[in-house]
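Side-chain atoms are counted along with the backbone in the values below, which use heavy atoms only and exclude waters and symmetry mates. Note on naming: letters A, B, ... go to the chains in the order of the sequence lines (proteins, then strands), and numbering restarts at 1 for each one.
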Amino acid sequence: MENTSFVRTEMLPETEPPRSTTGVLGWIRDNLFNGVLNSILTILSLAFIYYLLSMLLPWSISPTWGAKSLNECREILGATGREHGGACWGVINERWSQILYGFYPEELRWRPTLTFFLLFVAMIPILFNMISRRMNWLLLVLVLFGASFAVENSALMVVVKIVLGLSLAYLAYTVVKTDRDDRAEQIKEGAKRLPNPLYFTAIYVFLMPWLLWGGSIWSPVAAALGFLVGWLAFRLLAPIAGNLASLILAVIAAGVWWLLLIGPFTGLMNGLAPIGLIPVESRLFGGMLLSLTIGVVAIAASLPLGIVLALGRKSDLLIVKWLSVGFIEFIRGVPLITLLFVASMLLNIFMPPGTDFDIILRVIIMATLFASAYMAEVVRGGLAALPTGQYEAADALGLDYWKAQRLVIMPQALKISIPGIVSTFIGLFKDTTLVSIIGLLDPIGLSSTIRADLAWNGIVWELYGFIALLFFIFTFLMSRYSMYLERRLRTDHS
Amino acid sequence: MKKSVFLGALTVAGMVAGSAAAATLDDVKARGTLNCGVSTGLPGFSSADESGHWEGFDVAVCRAVAAAVLGDPEAVEFVPTTGKTRFTALASGEIDLLARNTTWTLSRDVDLKFEFVGVNYYDGQGFLVPKELGVTSAKELDGATVCIQTGTTTELNLADFFRANNISYEPVPIETNTEARQQYIAGACDAYTTDASGLAASRATFEDPTAHVILPEIISKEPLGPLVRHGDNAWGDIARWTLNALIAAEEYGITSTNIDEMLAGTDNPEINRILGTEGNLGEMLGLDADWAVRAIKAGGNYGEIFAKNIGEDTTIGLARGLNAQWKDGGILYSMPFR
């Protein structure tokens, strides 16, 4: 009997993979029809998508962009002989700027637009670490240069335009001429770096309200000087009085400035140099401008507040702890609508008539408090997820409480909480539409005002669709950014 | 600075609150604008055009008062209010006058401490049904499904009406007028009930308005009027007599076009007194002699305002009905200017 070997001794030549597993066909097979159940689900989904689109597309592709009223839309659609009607886009054509800006005076609308674009310039150094300083300053000059065309022409503006244009050209030239590595080399050799773009971010905090509400430039300057006063007091007193005492004194000094000296200062400076923008009343704010103003400020303010509250809740100091717990539980136990009603009505009754406590400011404060309570719990979740070893390691290194938080605990806890933080942000941004209930004209409130116009009475889906699209753009960007951030901060090796 | 003002103001709140409320006229004059509360949007009554200019039947009252007091119908800060915020806005002094299709009821007048200065529109709750239903009277609606806004007096009126007539119905609760309209068109209910003016405005937006009828029964009284705070009678008088001047102007045939001719003097002493060419009525109100002239010029007399915003030539197409002058079979009746 011959000895048969069942083991192959030589390699088979490599062959192409079967046609059915490569290319489009393979992808479809793998992803859409790999099994009976998945095939059924795919077919059902496709049928559903087809059903939706077959209704939506004929409706939305509608030649009504130029119509001036609902009846005109109907005439246009009737002339085309459609059975099921179509969208009436004339309302968007006529009112889109109102949905964006509310009743903000038309000739001043360059101001919110500029504020909006500067917001990105101010946020980029915080949000992304891949953009160089030069790029960031280039961006700022670019935005300012663009804005200078929106302002009406005067001799001064021409000069400003030329200056901005030249510096734009120069910055662009240097950015193009030297790439990142060359620049790093230059800096190593002692070339002067551009100032940190975070300075602009700090300035933006005071610039934003001034651009939006207008008025004298000295009010935001004076408000900013308060921080300078506090900082100077701290620097001068720290060597003499010690850290804690000088911190307290610095806070007092800043408080004295804000409460007592700010009035005379602005009065004096207004007398010396009356520079300012035309004031715009809060009542004229509306649409996306209102939603974004409330949303952005409340988002920016609620994160630090939330972190402080979360730390307070985990603190060993009894009073701090119970204050934080009480605040968080109270705010979370009350619907946002209730807080908004408090802002718009109760405060109104408690305060004497004629007191000028801005309604938007009141709403922003309430929205911030509301979001910060939720934020505190999200951050506390992140803190709780950290192994105790991290705390002990920080202690073992000899770091004090704040250093441990700043260097060891918070970077990890916040990283864990990113999805929760961003969904709180998104929720807060969408909650801004609730202000329509207290009579502020956010996009939803404006849609009912627009419908009250006899020409557009009866239009629903077009307006809601447009508003939904606007909100979707912003919330989608936020969620994409959070995913980017998670990728960037990922330190595991999976 | 805002903060210091705020803190200081709080401490003197008690003192200021009393005195500030008592002199609305002075406040308005010092401010140079009238703060007027209107609806955030009600077809024909208050709406803003694309440049943010407010117009409508209620808005016209604000403009007339501003013209009478300040001489400029544009000197109005319109404060959009919702059904929930309107009374607080007025009570807190945020607005000087509320012209927002508000029904004059005892509890609002007495308990909420407001003063209605008159009625600028007599409304009432009605029913809207499709013509193909073949119903000609609300009493034939036995067993019908009815769309109704929750939390309003219309809900209670409806229950009363059906109980009094011993017929049954099935309510379909909805939240807003827009939603009601959609539900009604989609056929979720046989009938839609709300104020007749609202029904007319809704019907005007349908693709085929003639396919729907408003039934003849009006089952409630909804006298809508502007109101001010209790306690400042001088200001209430100004608002009341401005409204009366608009109504009287229609009665005596004073229009925005012929008012300049009439200012030269007429044979009718009542007209002369309204226009201030005779007597000192303006002075009694704390205004000048031309106050009513400016109020009428602002948007025309009551009839002109009605025709322009909600009358039969507009898409809303409301007939005068109860809101005709008393001489024409309505109940609009201005007190004499004497």
Student: Between NZ of B/K84 and CG of A/L340, what distance do you get to the nearest 0.5 Å?
Tutor: 12.5 Å

Student: Is it the backbone or the side chain of B/A48 that comes under 4.5 Å from a heavy atom of chain A, or both, or neither?
Tutor: both

Student: Take atom CD1 of A/I278 as the centre, draw a 6.0 Å sphere, and report whether it contains more than 12 heavy atoms from other residues, nucleotides or ligands.
Tutor: no

Student: Below 4.5 Å from any heavy atom of chain B, which atoms of A/Y104 appear? Answer side chain, backbone, both or neither.
Tutor: neither

Student: Could you tell me if the side chain of B/P80 sits less than 4.5 Å from the side chain of A/L441, heavy atoms only?
Tutor: yes

Student: Which region of B/T40, side chain (C-beta onward) or backbone (N, CA, C, O), has a non-hydrogen atom less than 4.5 Å from a non-hydrogen atom of chain A, or is it both or neither?
Tutor: both

Student: Sort B/F206 into side chain, backbone, both or neither according to what part of it lies under 4.5 angstrom from a heavy atom of chain A.
Tutor: backbone

Student: For each of B/V79, B/T81, B/T314, tally heavy-atom pairs with chain A at distances under 4.5 Å, and name the one with the top tally.
Tutor: B/V79

Student: Could you tell me which portion of A/S97 (side chain, backbone, both or neither) has an atom closer than 4.5 angstrom to a non-hydrogen atom of chain B?
Tutor: neither

Student: Which atoms of A/W461 come close to chain B, meaning under 4.5 Å heavy atom to heavy atom: side chain ones, backbone ones, both, or neither?
Tutor: side chain

Student: How close do B/T82 and A/I437 get, heavy atom to heavy atom, and via which atoms?
Tutor: OG1-O, 3.0 Å

Student: Is it the side chain or the backbone of B/N35 that comes within 4.5 Å of chain A heavy atoms, both, or neither?
Tutor: side chain

Student: Taking it one step at a time, do A/N457 and B/I316 satisfy side chain to side chain contact (heavy atoms under 4.5 Å, CB included)?
Tutor: CA-CA 10 Å; A/N457 189 3; B/I316 294 184; 5.7 Å; no

Student: Go through the steps to decide whether B/E50 and A/W456 satisfy the test side chain to side chain contact (heavy atoms under 4.5 Å, CB included), and finish with yes or no.
Tutor: CA-CA 11 Å; B/E50 69 235 66; A/W456 304 118; over 6 Å; no

Student: What part of A/L70 lies closer than 4.5 angstrom to a heavy atom of chain B: side chain, backbone, both or neither?
Tutor: side chain

Student: Rounded to the nearest 0.5 Å, how far apart are OG1 of A/T449 and CG of B/L42?
Tutor: 10.5 Å

Student: With a 4.5 angstrom heavy-atom cut-off, is it the side chain or the backbone of B/E55 that approaches chain A, or both, or neither?
Tutor: neither

Student: Looking at A/D453, A/L454, A/L440, which has the largest count of heavy-atom pairs under 4.5 Å with chain B?
Tutor: A/L454

Student: Please state whether the side chain, the backbone, both or neither of A/Q98 comes within less than 4.5 Å of a heavy atom of chain B.
Tutor: side chain

Student: On a heavy-atom basis, which atom in A/V460 and which in B/Q182 lie closest, and how many Å separate them?
Tutor: CG2-NE2, 2.9 Å

Student: Given a strict heavy-atom distance threshold of 4.5 Å, which part of A/R283 is in contact with chain B: side chain, backbone, both, or neither?
Tutor: side chain

Student: Which bit of B/F45 comes within less than 4.5 Å of chain A, counting heavy atoms only: side chain, backbone, both or neither?
Tutor: neither

Student: Within a radius of less than 6.0 Å around CG of B/D208, do more than 12 heavy atoms belonging to other residues, nucleotides or ligands occur?
Tutor: yes

Student: Relative to chain A, which segment of B/S46 carries a heavy atom at a distance below 4.5 Å: side chain, backbone, both, or neither?
Tutor: backbone

Student: Rounded at 0.5 Å granularity, tell me how far CG in A/N71 sits from OG1 in B/T205.
Tutor: 9.5 Å

